[in-house]
**Q** 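Quick one: this structure, given as structure tokens, is what I'll be asking you about.
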Protein chains: 2
Amino acid sequence: MKKKITMKEIARELDVSISTVSKALNNSSEISQDTIDKVQAFAKLYNYKPNNIALSLKNKKTKNIAVIIPEIVHHFFTMIISGIEHKANELGYNVIVCLSNESFAKEVINMETMANGSIDGFLLSLSKETLLKKDFHHLREVINQGMPLVMFDRISDEIYCDKVIIDDARASYNTVKHLVYSGCNRIALLTTPDYVSVGKLRTSGYINALMDEGIEIDEKLIVKIDKIEELEEKVKVLFDTQTFDAVFGVNELYAVVAMREAHNRGFKIPQQMSFVGFSDGILSKYAYPTLTTVVQHGYEMGQKAAKMLIDRLENEDDDGSYKTDVIKTSILQRESTKPI
Amino acid sequence: MKKKITMKEIARELDVSISTVSKALNNSSEISQDTIDKVQAFAKLYNYKPNNIALSLKNKKTKNIAVIIPEIVHHFFTMIISGIEHKANELGYNVIVCLSNESFAKEVINMETMANGSIDGFLLSLSKETLLKKDFHHLREVINQGMPLVMFDRISDEIYCDKVIIDDARASYNTVKHLVYSGCNRIALLTTPDYVSVGKLRTSGYINALMDEGIEIDEKLIVKIDKIEELEEKVKVLFDTQTFDAVFGVNELYAVVAMREAHNRGFKIPQQMSFVGFSDGILSKYAYPTLTTVVQHGYEMGQKAAKMLIDRLENEDDDGSYKTDVIKTSILQRESTKPI
DNA sequence: ATGAAAGCGCTAACAC
DNA sequence: GTGTTAGCGCTTTCAT
């Protein structure tokens, strides 16, 4: 069990001062080549590695960033984390993952525990509860302390900071148009309550597309699902009470569950009924039939967010202007919709 | 932008010494109630929070643990992370996530960068490449430094440390028996190459179950799939060249893809052909028909692993004995298999 | 070319 | 009851 060696010990062994060791290890021009060689050889021999914590304390930066997400068991979020991790590592940063579990309290605690020196900046996607309460004091606090914050996907307009989002409304608009052009005109929408920003935007895109196409909005075709537990029941009720020729789900799960129900009721897909979901995940890809979806490019979103944060960290010239990056989406046509 | 305040500043403002502030904040009995009140009030007013980095340096512990996993975009791994995160937070630790992307080099780098003081211990699931190379020097190194390591799921018997695993062989054995009892006797196996420890164990469980049931092993029914890209093709070949009445996949994806192929070829499921997968994920749950699977309890596994590591961290009495926890699995009967 | 000393923020043994 | 001091591991300014 050879414990980690410190500069102090190297200094003692080589009978030089600690500062000489420090400079030698950093190839300082102040030090003779002889000493440099000697110190570096010794350091390598004993596998010396500088202590990150000491460096953090000295430099006032940790090279760690925290990402706080509502949930990790979601394809979209895991793709985002992948992207963040990749980009952060590439730029020399480590990623600390915190889960809010959609809870406001947990989100606040996470931010508070991380804000005390453990990290250099935050990457955050708001929990549903925070979105509902509209209480953002914890975000304001870290921003006031001068700690950079980049929000992604589930953001708030009330907070002034860098952001990365999807063009949700447009994506939804395009999708509905796509369905219309493929011959559908009674399009059901499975969405979330309006307090979820992305759900609201997708709903508005749906409405605008139908209006632009001169199709009447039928409120009965808009189903708002809050908790996953009510999903199956609400879908059944929709099928029991309404007629329609397409279903657009604001996430892949909604769409797949609806598709299964259609299957069970004997509908031919996509001939009699079409399906589109949001966020191209594993479910869409392996559903039967495979599901046409809006591709959100989560990996790219994660990379962009990480880049934005690190740029901010490494550029002192903080001019006080924040930017919002919008990630383009695209429609991935598979078996659940008719070709246009 | 009110910067973080330090003890030094509190001391200056209140005209007492830094150590008095320290003690007052820690409610030391050495300090008069008066001073304690005064200091704490001031601290609260200015929202003083101790600097984690300074504490880490002083205490020689960071309250951070690193988890290194091959991939994050896998339901099983995300469940494990959830479990780890939950348990770690509960016990006062933060989780730093590192992805090896199944690469040996990345795994080594991850461990090296984290081992220099950033964390107190490791949670690790080996990358495929490491499993193939059987090069574990990086693990030995951190263990030698006295840093605790707990391996989970993809482990190596060559390394002496705490472990948490699934009873893979038994789970597989039970599953095959389950299929036999439900009336199947030509059971195809979709598995990974043997260097993936869990794949190997599952394959052996399959073989043992068949032997115990007096069913001949047909090597042609055992398909080893290394890369995801060859999955669909190999499944097609299986269907083209063999006859069978059940498919057992060592993960849910393999099973679902095979089930789709069966669907496309007009097989009635489960009447003509049964399907079982491993690891109860989102795919199994929403497949059509829903897929019977082996439940691996990833969340529980993550919790156990985190608990084990933290126990080790907080109990100095390291008696040099390591333990291996085996998580029980269970079969979740859904629509893709006949009831027994 | 080398070393002494201060300091990052905090704790704790020891002095007064 | 309060303050002084040393120290965690490292960097850096300022002597020498």
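If you're wondering where the values come from, they're calculated on a predicted model, not measured in any experiment. In what follows, every chain begins at residue 1, and chains take the letters A, B, ... in the order their sequences are listed.
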**Q** Separation of B:Asn27 atom CG from C:dA12 atom P, in whole Å?
**A**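 Roughly 14 Å, once rounded to whole Å.
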**Q** List the residues meeting salt bridge (Lys or Arg N to Asp or Glu O under 4.0 Å) with B:Asp37, not counting sequence neighbours, and say none if there are none.
**A**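 For B:Asp37 there are no salt bridge (Lys or Arg N to Asp or Glu O under 4.0 Å) partners, ignoring immediate neighbours.
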**Q** Just the rounded figure in Å: distance from P of C:dC8 to CD1 of B:Ile5.
**A** 15 Å
**Q** What's the CD1-C1' distance between A:Ile36 and C:dT2, to the nearest Å?
**A**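 Atom-to-atom, A:Ile36 to C:dT2, this comes out as 12 Å.
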**Q** Take atom CG of A:Leu57 and atom P of C:dT11, then tell me their distance rounded to the nearest Å.
**A**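 About 12 Å, once rounded to whole Å.
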**Q** For DNA chain D, which nucleotides open and close the run of contacts to chain B, 5' to 3', at under 4.0 angstrom from a non-hydrogen atom?
**A**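 With heavy atoms of chain B under 4.0 Å away, the range is D:dG1 to D:dG9.
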**Q** Which residues pass the side chain to side chain donor-acceptor pair (under 3.5 Å) test with B:Asn26, not counting sequence neighbours?
**A** none
**Q** Closer than 3.5 angstrom, by distance alone: can the side chain of A:Asn94 be matched with the main-chain N or O of A:Asn64 as a donor-acceptor pair?
**A** no
**Q** Between A:Asp311 and A:Lys307, does any side-chain N to carboxylate O distance fall below 4.0 Å?
**A**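 The answer is yes: the pair qualifies as a salt bridge.
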**Q** B:Ser56 near the nucleic acid: base, sugar-phosphate alone, or nothing, with a heavy-atom cut-off under 4.0 Å?
**A** nothing
**Q** Given atom CZ of A:Arg12 and atom C1' of C:dG3, what is their separation to the nearest angstrom?
**A**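 The answer, rounded to whole Å, is 17 Å.
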**Q** OP1 or OP2 of C:dG3 versus the side-chain N and O atoms of A:Ser17: is any pair under 4.0 Å?
**A** yes
**Q** In whole Å, I'd like the distance from the CD1 atom of B:Ile31 to the P atom of C:dA12.
**A**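 Whole-Å distance recorded here is 13 Å.
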**Q** Rounded to whole Å, how long is the line connecting atom CD1 of A:Ile18 with atom P of C:dA6?
**A** 14 Å
**Q** On DNA chain C, nearest-nucleotide positions of B:Lys58 versus A:Ser32: which is more 5'?
**A**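 Of the two residues, A:Ser32 wins.
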**Q** Check ring pair (Phe, Tyr, Trp, His ring centres under 6.0 Å) between B:Phe104 and all other residues, then give those that pass, not counting sequence neighbours.
**A**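 Ring pair (Phe, Tyr, Trp, His ring centres under 6.0 Å) list for B:Phe104, sorted by chain: B:His138.
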**Q** Please test A:Glu141 against B:Lys4 for salt bridge (charged side-chain N to carboxylate O under 4.0 Å, His left out), starting from the C-alpha separation and ending with a verdict.
**A** CA-CA 11 Å; A:Glu141 206 152 287; B:Lys4 298 212 72 61; over 6 Å; no
**Q** Whether the A:Ser82 and A:Glu85 side chains hold a donor-acceptor pair (N or O, under 3.5 Å, no angle test) is what I'd like checked.
**A** no
**Q** Within residues 109-120 of chain A, find the residues that approach DNA chain D with a heavy atom at under 4.0 Å, and present them sorted by residue number.
**A**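 None - not one residue of the stretch has a heavy atom sitting under 4.0 Å from the strand.
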**Q** For A:Lys163, enumerate each residue passing the salt bridge (Lys or Arg N to Asp or Glu O under 4.0 Å) test, keeping only those at least two apart in sequence or located in another chain.
**A** none
**Q** Would the distance check show the side chain of B:Asn47 and the main-chain N or O of B:Lys49 forming a donor-acceptor pair, the cut-off being under 3.5 Å?
**A**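 The answer is no, because no donor-acceptor pair under 3.5 Å joins these two groups.
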**Q** Can you give me every donor-acceptor pair (side chain of residues 53-60 of chain B, partner residue at least two apart or in another chain, under 3.5 Å) with its distance?
**A**
residue	atom	partner	partner atom	Å
B:Ser56	OG	B:Asn52	O	2.9
B:Asn59	ND2	B:Leu55	O	3.2

**Q** On DNA chain D, compare the nucleotides closest to B:Asn59 and B:Ser29; which residue's is nearer the 5' end?
**A** B:Ser29
**Q** Which comes earlier along DNA chain C counting from the 5' end, the contact point of B:Tyr48 or that of A:Gln33, where each point is its nearest nucleotide?
**A**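 Of the two residues, A:Gln33 wins.
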**Q** May I have all residue pairs that pass side-chain hydrogen bond (donor to acceptor under 3.5 Å, both in side chains) and include part of residues 152-161 of chain B, sequence neighbours excluded?
**A**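 Listed by first then second residue: B:Glu102-B:Arg154.
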**Q** Using the side chain to side chain donor-acceptor pair (under 3.5 Å) criterion, which residues pair with B:His297? Sequence neighbours excluded.
**A**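 Partners of B:His297 under the side chain to side chain donor-acceptor pair (under 3.5 Å) test: B:Ser330.
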**Q** At under 4.0 Å between heavy atoms, what does B:Ile53 touch on the DNA or RNA strands: base, sugar-phosphate, or nothing?
**A** nothing
**Q** Using the rule given for side chain to side chain contact (heavy atoms under 4.5 Å, CB included), can you reason through A:Ile69 versus A:Leu99, listing the C-alpha separation, both sets of side-chain angles and the distance that settles it, and then say yes or no?
**A** CA-CA 5 Å; A:Ile69 48 169; A:Leu99 308 180; 3.8 Å; yes
**Q** Nucleotides 13-16 of chain C: which of its N/O atoms have a protein N/O under 3.5 Å away?
**A**
residue	atom	partner	partner atom	Å
C:dA13	N6	B:Lys23	NZ	3.3

**Q** For C:dC8 and B:Lys8 - does any side-chain N or O of the residue sit under 4.0 Å from the phosphate oxygens OP1/OP2?
**A** yes
**Q** Between atom CG of A:Leu123 and atom CD1 of A:Ile65, what is the distance when rounded to the nearest 0.5 Å?
**A** 5.0 Å
**Q** In degrees rounded to 10°, what angle is found between the helical axes fit to the five outermost pairs at each end of the helix from C:dA1-D:dT16 to C:dC16-D:dG1?
**A**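 Helix axis angle between the two ends: 60°.
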**Q** Answer with base, sugar-phosphate or nothing: what part of the nucleic acid does A:Thr6 contact at a heavy-atom distance below 4.0 Å?
**A** sugar-phosphate
**Q** With sequence neighbours left out, write down each residue that passes side chain to side chain donor-acceptor pair (under 3.5 Å) with B:Tyr195, or none if nothing qualifies.
**A** B:Asp226
